[in-house]
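To start, the structure under review is shown below, and the notes come after it.
Residues take their numbers from the sequence shown, with the count starting at 1.
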Amino acid sequence: TCAYAFPWLDDFTTAIDLANTCWTVEEGTPWTLDTSGAGTSPRLVLDTSEAPDGPWEYCIVSPAIDAHRALDASLSFWHRFTTTEPDDVMLYARLTVDDGANWVDVWSEAGDGNASSRPSEDVFELVQGQETVRVALCASSETGGPKPGLWVLDDIGLVGDAFVGEPPE
């Protein structure tokens with residue numbers, strides 16, 4: 001099934017391709033699961049050089065995560081964005097607890113070249129007691145058009161400590 005208990009971490013090691021994961025992408029978006037890296041585990045890749053003319057936004061949405069037992073929670077992931085036009089792409093992470101009716105931005109940065117990092121954002125207040133949490137990782141450009149760049153993501157998780165048994169009322 002495509003619903004997971006907290007804590008949750010996806011490192012894509014059992015995935016064959018993006019269609020065989022529980023991640024959701026809009027048809028025709030340039031997200032792929034790269035399984036070709038020698039000595040590396042599979043990882044999500046967004047190729048921004050495939051973007052159309054005009055403004056664009058590409059998001060990939062996680063499966064549902066049941067966080068109602070969370071004692072604390074952080075969204076963490078590893079990422080690297082490589083580009084020759086760093087000032088025109090924004091990268092961000094959002095959470096929803098109502099199947100996408102409302103999203104809350106929890107992390108963002110300008111796509112600033114060739115740096116890699118492992119952000120970790122405290123999201124406990126957003127996910128506390130929630131049974132359906134989803135994470136969206138997005139890239140966008142206001143000016144639009146193809147941008148030579150790759151956003152590589154791996155080890156995406158909603159992690160922390162959880163109650164054993166049922167949480168107190």
Would a hydrophobic clustering, with Ile, Leu, Val, Met, Phe, Trp and Tyr connected at side-chain separations under 4.5 Å, put [X] with [Y]?
X: Leu44; Y: Val152; result: no
X: Phe77; Y: Val25; result: yes
X: Leu75; Y: Phe124; result: no

Nearest-0.5 Å distance, [atom1] of residue [X] to [atom2] of residue [Y]:
X: Arg118; Y: Ser76; atom1: CZ; atom2: OG; answer: 5.0 Å
X: Met90; Y: Glu142; atom1: CE; atom2: CD; answer: 9.5 Å
X: Thr29; Y: Glu27; atom1: OG1; atom2: CD; answer: 8.0 Å
X: Trp23; Y: Cys59; atom1: CH2; atom2: SG; answer: 11.5 Å
X: Asp122; Y: Asp72; atom1: CG; atom2: CG; answer: 7.5 Å

Heavy-atom pair with the smallest gap, counting every atom of [X] and [Y]:
X: Asp10; Y: Phe12; answer: OD1-N, 3.0 Å
X: Leu91; Y: Ala139; answer: CD2-CB, 3.9 Å
X: Tyr58; Y: Ala51; answer: OH-CA, 3.5 Å
X: Leu126; Y: Val97; answer: O-CG1, 3.6 Å

Using side-chain heavy atoms (C-beta onward) and a distance below 4.5 Å, is [X] in contact with [Y]?
X: Cys22; Y: Tyr4; result: yes
X: Tyr92; Y: Glu57; result: yes
X: Thr132; Y: Asp99; result: yes
X: Val45; Y: Leu33; result: no
X: Leu9; Y: Asp155; result: yes
X: Leu137; Y: Leu153; result: yes
X: Arg134; Y: Leu95; result: no
X: Ile65; Y: Val127; result: no

So Trp107 and His79, would you call those rings parallel, tilted or perpendicular, with 30° and 60° as cut-offs?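 Ring orientation, 0 to 90° scale: perpendicular.
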Under 3.5 Å, is there a donor-acceptor pair between the side chain of Ser116 and the main chain of Arg80?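 Checked: no pair found.
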Hey, does the side chain of Trp103 reach the backbone of Gly100 with a donor-acceptor pair shorter than 3.5 angstrom?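 Yes, Trp103 side chain to Gly100 backbone: donor-acceptor pair under 3.5 Å.
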Arg43 and side chain to side chain donor-acceptor pair (under 3.5 Å): which partner among Thr35, Asp154, Asp34?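 Passing option: Asp34.
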With Phe6, which of Val159, Asp161, Leu158 fulfils side-chain contact (heavy atoms from CB on, under 4.5 Å)?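 Answer to the side-chain contact (heavy atoms from CB on, under 4.5 Å) test with Phe6 among Val159, Asp161, Leu158: Leu158.
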Verdict with reasoning, Trp8 to Ile156, per side-chain contact (heavy atoms from CB on, under 4.5 Å): CA-CA 8 Å; Trp8 167 80; Ile156 303 165; 4.2 Å; yes
Does either side chain, that of Trp151 or that of Asp47, offer a donor lying less than 3.5 Å from an acceptor on the other one?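 No - no donor-acceptor pair under 3.5 Å links their side chains.
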